[in-house]
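Read the structure below first, then the notes.
Counting convention: from 1, in listed order, for ligands and their atoms alike.
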Amino acid sequence: MPILFGQIVHRYIEQAINDYLQTGKAPTVEELIQLGRGQLNAAFIDSTRRLDFWRQKPNKYYMMQEIYYHGTLSPELVQDYKERLRLVFNHFLMSETFQQITSQKGSLRIGEPEQFRSMKVEDVQVFVVMDFHYYDELRDKWIIVDWKTGGESDDDRQQLALYAYYVQQKYRVSLAQIEVYNEYLLTGKRKKYSFTDIDMENILYTFQRSVLEMKKYQADIFSNEPVDIEDFEQTQEKWHCRGCNFRELCASR
Ligand code: SF4
């Protein structure tokens, strides 16, 4: 549910921004809620009534993990997410980012729209899935915005450092010209981050370490063949398992 909710909210925020840039018209909060609710309902119907379709075409149908494993959604959870829809779309429309888009439309250059931006870091292709970035001509600044539909996490800064690195490399700009924000849509809080060269060195170091860690699980580096499933140790931190896509497979080991 949290992942599905995040995907739906991100989709309609992206659509709202694109529509605004093309037509000059912003959606109302009720319109956004209705769209979001429609998608949540569609996901519920797929998950409860279209199991066979989903098995045949899993990328065309929704399957909510809560329903797959427990058969239903608790009424408290449904109520909670209904309330969240209103909160996040309200906060989006009132957010400083959206206010800037609507008040400064002419002086903003919106970043390229392709879904899969990537860069090479030491021969490894790294995909960067940024929510939104733009260039503010008046201030000569590149702005990166990440919408968050969940709570704050220690990883948020690291994720944004990678985005800053991408923008720095792609547009050949200095870190001083890059401003990075998290917009926490549940609370309406906006958090600003600044990065230094040391942050960039740290992110590259973390990246190299995690690539090495992942390569331990390659039996053949040319065919990208993995080692045996038994060699993937199970986590001791069981909270990871709640949202894991491999839960069923893992339990049958
Ligand atoms: S369920 Fe997922 S997170 Fe948990 S041990 Fe298995 S693979 Fe790891």
Among all protein heavy atoms, pick out the one at the shortest distance from [atom]; state its residue, atom name and that distance to 0.1 Å.
atom	value
atom 5 (S) of ligand 1	T235 N, 3.5 Å
atom 2 (Fe) of ligand 1	C244 SG, 2.3 Å
atom 6 (Fe) of ligand 1	C250 SG, 2.3 Å

So if you build clusters from Ile, Leu, Val, Met, Phe, Trp, Tyr with side-chain heavy-atom gaps below 4.5 Å, do F92 and M94 land together?
-> no
Examine the proximity of ligand 1 to C241 and report which part, side chain or backbone, both or neither, has a heavy atom under 4.0 Å away.
-> both
Charged N-O contact under 4.0 Å between R86 and E30 = yes
What's the spacing between N202 CG and D197 CG if we round to 0.5 Å?
-> 11.0 Å
Aromatic ring proximity, centroids under 6.0 angstrom, Y193 and Y181 = no
